[in-house]
Novice: 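Questions regarding the structure given below will be posed in turn.
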Protein chains: 2
Amino acid sequence: MPVNIRDIAKAAGVSVATVSKALNGYSTVNAATRAKIQRIAEEMQYHPNSAARSLVGQRSMTIGVFLTTGLANPFFAGVLGGIDRALKDRGYDLIYLAQAHAEEPGYSLMRHCRSRNVEGLLVFGMQENDMDFSELIGSGLPVVFIDMEMEGEHVGMISSDNAEAIRAEVQHLAGLNHRRIAFISGIAGTYPGRMRERGFLQGMAEQGLDRRPEYMIPGDYSRESGYEGMRRLLSLPERPTAVICCSDASAVGALEAALEQGLSVPDDLSIVGFDDVEAARSVRPALTTVRQDMQGIGYQAVGLLDDLIRGEELAEKRIILPTEWVERDSCGPAKESR
Amino acid sequence: MPVNIRDIAKAAGVSVATVSKALNGYSTVNAATRAKIQRIAEEMQYHPNSAARSLVGQRSMTIGVFLTTGLANPFFAGVLGGIDRALKDRGYDLIYLAQAHAEEPGYSLMRHCRSRNVEGLLVFGMQENDMDFSELIGSGLPVVFIDMEMEGEHVGMISSDNAEAIRAEVQHLAGLNHRRIAFISGIAGTYPGRMRERGFLQGMAEQGLDRRPEYMIPGDYSRESGYEGMRRLLSLPERPTAVICCSDASAVGALEAALEQGLSVPDDLSIVGFDDVEAARSVRPALTTVRQDMQGIGYQAVGLLDDLIRGEELAEKRIILPTEWVERDSCGPAKESR
DNA sequence: TTGAAAGCGCTAACAG
DNA sequence: CTGTTAGCGCTTTCAA
């Protein structure tokens with residue numbers, strides 16, 4: 001039903017080869033012929049069959065995404081938005097490789113990509129170790145990992161500057177005279193989790209502040225972990241005056257626990273979050289936090305992948321994006337208190 | 001590089017035709033031969049090239065998604081989660097047709113699908129009228145619309161029972177002795193927006209309650225519209241005792257406006273939202289709202305599309321899913337007040 | 001029960 | 001500058 005290259009060759013009175021060349025911008029085609037072919041192709045609503053194209057070894061203009069945590073994770077919405085824009089700019093379509101498949105016994109992500117003629121793959125999610133990416137990395141298929149630390153010949157990675165973001169938070173709090181700063185961590189098995197912890201330790205060291213083991217609370221980004229973490233902190237003989245949380249969700253949980261105990265935020269206690277999700281604005285007091293450029297991450301991930309696909313000489317296959325401090329109402333100067 | 005059907009034919013000492021038949025479950029293949037071929041295919045990690053398959057007119061096992069509002073909309077995360085699961089169950093992969101392309105002058109979504117050998121298309125977003133879907137609907141390509149009212153030969157649609165959800169809210173509030181109930185609407189140009197308004201009017205009529213024009217506030221699901229809407233309501237000589245909002249975001253905005261005016265929720269005023277997003281839980285008082293089964297919508301949308309693709313005889317090509325009442329803290333009995 | 005061969009729509013040599 | 005032709009990997013008649 002759809003028109004093919006032969007139809008338009010016939011209509012234009014030329015051969016299919018000429019049509020192909022004309023439409024693909026070869027210079028060896030007479031300008032008039034090309035114009036005519038283009039006009040006819042336009043009129044007949046010609047659109048090349050991408051399967052045929054990939055079959056002849058041409059580019060498929062398809063990149064894959066694989067999400068280790070599934071599509072349902074709302075965190076990815078922003079990243080996907082950035083990917084969307086980049087797709088247009090670079091002319092790709094995106095095929096989503098259902099993670100569900102991955103549970104089958106003989107499944108190979110790499111083979112799945114090959115069989116779909118995917119030119120490159122974007123991987124993101126949170127689980128670095130729950131899956132074996134070595135086959136993929138060794139396969140030569142260009143891959144860009146988001147928020148995962150991976151290396152290889154045709155492998156790139158992109159992430160926010162998590163460490164610096166937290167380091168700056170510590171610095172900021174120290175500037176408000178906070179000395180007893182606690183930390184509710186992210187998931188230790190993730191790259192961002194590790195980096196944020198590193199940034200905290202570095203910041204504390206720089207400011208000459210004690211790093212007390214009882215102020216280092218393991219979290220998992222969830223609201224619940226923030227709530228429980230804050231309760232533990234508040235039960236300590238010497239309470240912190242400020243708490244850095246590794247996500248807005250856990251910060252909201254922490255806030256809740258603090259308010260429940262009758263504390264005033266930020267007067268008695270400062271709290272800071274991470275991500276700047278919608279809830280950070282709606283909670284009271286509104287959360288001071290750090291914004292990740294999620295759109296930018298998605299956009300640049302596709303750009304990097306495209307560069308890898310096209311075999312560009314890349315000086316740096318790691319992209320670390322700056323974050324932005326978002327001052328709201330949950331931080332204030334330390335009270336000389338207890 | 002990847003192994004193809006010829007490689008395994010050679011290894012098995014048979015022809016490619018036999019391999020193809022064996023692997024595709026034709027009964028005209030000797031059992032022993034089939035077993036051998038399957039074993040070898042397994043060993044050699046054979047995976048058929050999907051481009052070649054679609055080229056010969058076989059199924060591509062690919063369905064497309066087209067989002068009129070782009071990937072960034074967090075509302076879709078849940079729906080996509082359901083789609084994800086269904087994809088596995090039905091064996092499809094999903095290609096995302098970048099909406100960005102749609103802005104180009106000669107763009108045709110239908111052609112895009114054809115050129116990508118997509119077997120069926122899922123469409124969702126909010127704009128029913130900003131785009132012309134008639135070409136698509138007339139093309140014979142199976143399409144399932146989510147939250148959009150569309151009809152056609154190979155067209156299905158799925159949505160929550162928006163009208164009933166709001167009607168039940170009115171009933172519930174009336175049961176709490178509320179008589180002056182206001183409504184902050186969704187976007188009138190959308191199917192859910194229309195249905196929710198219809199449900200409101202129906203509920204009010206059923207309960208024998210006045211429908212006052214000044215209590216019908218146009219909104220757009222945003223927090224801001226909720227905030228502004230509530231301010232208008234509170235400036236009225238006779239204030240409502242309950243406000244139904246068409247989204248949780250607008251309910252949060254409304255809540256904010258009410259608290260700012262020194263009102264107590266739910267003592268002075270009841271507020272109810274829609275969707276049950278994360279923020280509904282974190283706000284104080286926690287929002288009483290209605291939950292849509294977003295996963296279910298996505299899951300069933302794919303199921304419906306698959307049925308359409310396979311040409312199943314479908315009695316009903318419209319699926320309307322029930323919603324769930326989520327009781328929290330923002331609704332209470334009406335005070336005989338003011 | 002198996003194999004030879006045609007052909008899906010397209011691009012890429014290679015001739016003309 | 002244009003056309004002829006082979007072939008990408010696969011499925012599918014049609015013969016054997």
Side-chain angles (χ1 to χ4, degrees), chain A residues 1-38 40-41 44-62 91 93 111-119, chain B residues 1-38 40-41 44-62 91 93 111-119:
Chain A
M1 188 76 245
V3 329
N4 62 29
I5 201 173
R6 217 153 35 227
D7 298 328
I8 85 150
K10 202 170 298 169
V14 296
S15 74
V16 294
T18 306
V19 173
S20 174
K21 284 173 198 151
L23 262 21
N24 290 304
Y26 280 57
S27 52
T28 71
V29 180
N30 180 300
T33 318
R34 151 172 296 122
K36 181 178 181 188
I37 291 174
Q38 282 174 333
I40 293 182
M44 299 183 69
Q45 310 236 72
Y46 170 72
H47 234 66
N49 181 315
S50 63
R53 266 199 168 157
S54 1
L55 196 55
V56 286
Q58 272 298 102
R59 307 196 45 187
S60 69
M61 293 315 286
T62 306
D93 279 318
R111 267 195 287 157
H112 196 171
C113 291
R114 294 281 187 222
S115 108
R116 285 280 176 182
N117 298 291
V118 152
E119 296 192 51
Chain B
M1 189 75 243
V3 328
N4 62 29
I5 202 175
R6 220 159 26 234
D7 298 328
I8 84 152
K10 203 169 299 170
V14 296
S15 75
V16 294
T18 306
V19 173
S20 174
K21 286 171 197 154
L23 262 20
N24 290 306
Y26 280 56
S27 52
T28 71
V29 179
N30 180 299
T33 318
R34 153 171 296 123
K36 180 178 180 187
I37 290 174
Q38 281 173 334
I40 293 181
M44 299 182 67
Q45 310 234 72
Y46 170 72
H47 233 65
N49 181 314
S50 63
R53 268 200 167 156
S54 3
L55 195 54
V56 287
Q58 273 297 104
R59 304 195 48 186
S60 69
M61 293 314 288
T62 306
D93 278 318
R111 267 194 289 158
H112 195 172
C113 290
R114 294 278 186 225
S115 104
R116 285 282 177 180
N117 299 291
V118 153
E119 296 192 49

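Note that these values count all heavy atoms, side chains included, but never hydrogens, waters or copies made by symmetry. Here is the naming used below: chain letters follow the sequence lines, and residue numbers restart at 1 for every chain.
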Novice: Given atom CZ of Arg59(A) and atom C1' of dG9(C), what is their separation to the nearest angstrom?
Specialist: 19 Å

Novice: Do Ser115(A) side-chain atoms and His47(B) backbone N/O form a donor-acceptor pair below 3.5 Å?
Specialist: no

Novice: Tell me what Thr33(A) touches on the nucleic acid: a base, only sugar-phosphate, or nothing, going by heavy atoms under 4.0 Å.
Specialist: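 If one applies the 4.0 Å heavy-atom cut-off, Thr33(A) turns out to touch the sugar-phosphate alone, with no base involved.
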
Novice: For Thr62(B) and Arg116(A), test the side chains for any donor-to-acceptor distance below 3.5 angstrom and give the result as yes or no.
Specialist: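 Yes, side-chain donor-acceptor contact under 3.5 Å.
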
Novice: Name the residue closer to the 5' end of DNA chain D, choosing between Ala52(B) and Gly13(A) according to the nucleotide with the nearest heavy atom.
Specialist: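 Nearer the 5' end of the strand: Gly13(A).
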
Novice: Which residue is it: Thr33(B), Thr28(B), Ile37(B)? I am looking for the one with a side-chain contact (heavy atoms from CB on, under 4.5 Å) to Lys21(B).
Specialist: Thr28(B)

Novice: I'd like to know if the side chain of Glu119(A) and the backbone of Ser60(A) have a donor-acceptor N/O pair within less than 3.5 Å.
Specialist: yes

Novice: Mind checking the NZ-CG spacing from Lys10(A) to Asn4(A)? Nearest 0.5 Å is all I need.
Specialist: 8.5 Å

Novice: What's the spacing between Ser54(A) OG and Asn117(A) CG if we round to 0.5 Å?
Specialist: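 Output value for this atom pair is 4.5 Å.
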
Novice: When you match Leu55(B) and Ala31(B) each to their closest nucleotide on DNA chain C, which lands nearer the 5' end?
Specialist: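 In this pair, the answer is Ala31(B).
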
Novice: Start at the 5' end of DNA chain C and walk down; is the nucleotide closest to Arg34(B) or to Ala51(A) reached first?
Specialist: Arg34(B)

Novice: Which ones in residues 14-21 of chain A lie close to DNA chain C, meaning a heavy atom under 4.0 Å from one of its atoms?
Specialist: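 Hits under 4.0 Å, by residue number: Ala17(A), Ser20(A), Lys21(A).
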
Novice: Tell me whether the side-chain N/O atoms of Tyr26(B) come closer than 4.0 Å to OP1 or OP2 in dT2(C).
Specialist: no

Novice: Do the side-chain N or O atoms of Tyr46(A) get closer than 4.0 angstrom to the phosphate oxygens (OP1, OP2) of dC10(C)?
Specialist: yes

Novice: Taking the axis from the first five pairs and the axis from the last five, what angle separates them in the helix from dT1(C)-dA16(D) to dG16(C)-dC1(D), rounded to 10 degrees?
Specialist: 40°

Novice: What's the CG-C1' distance between Asn30(B) and dG3(C), to the nearest Å?
Specialist: 15 Å

Novice: Please check: side-chain N/O of Ser20(A) versus main-chain N/O of Val16(A), any donor-acceptor pairing under 3.5 Å?
Specialist: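 The answer is no, because no donor-acceptor pair under 3.5 Å joins these two groups.
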
Novice: Looking at CG of Asn24(A) and CZ of Arg34(A), how far apart are the two atoms once the value is rounded to the nearest 0.5 Å?
Specialist: 9.5 Å

Novice: Extract, from 5' to 3' on DNA chain D, the first and final nucleotides lying under 4.0 angstrom from some heavy atom of chain A.
Specialist: dC1(D) to dG9(D)

Novice: As an exercise, state the distance from CG of Leu23(A) to CD1 of Ile8(A), rounded to the nearest 0.5 Å.
Specialist: 5.0 Å

Novice: About how many Å separate CG of Leu55(B) and CG of Asn49(B), when rounded to the nearest 0.5 Å?
Specialist: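 Spacing of CG (Asn49(B)) from CG (Leu55(B)) equals 9.5 Å.
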
Novice: Calculate the interatomic distance between Ile8(B) atom CD1 and dG3(C) atom P; express it in whole Å.
Specialist: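 After rounding, the reported distance stands at 12 Å.
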
Novice: Minimum heavy-atom separation for Ile5(A) and Tyr46(A), please, with both atom names.
Specialist: N-CE1, 3.6 Å

Novice: Between Asn4(A) (CG) and dC8(C) (P), how many Å, whole number?
Specialist: 9 Å

Novice: Could you tell me whether Val29(A) contacts a base, only the sugar-phosphate backbone, or nothing, with contacts defined as non-hydrogen atoms closer than 4.0 Å?
Specialist: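 Sugar-phosphate only.
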
Novice: Would Val118(B) and His112(B) count as a side-chain contact (heavy atoms from CB on, under 4.5 Å) here? Give the steps.
Specialist: CA-CA 9 Å; Val118(B) 153; His112(B) 195 172; over 6 Å; no

Novice: Can you measure Asn49(B) atom CG to dC8(C) atom P for me and round it to whole angstrom units?
Specialist: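 Between P of dC8(C) and CG of Asn49(B): 18 Å.
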
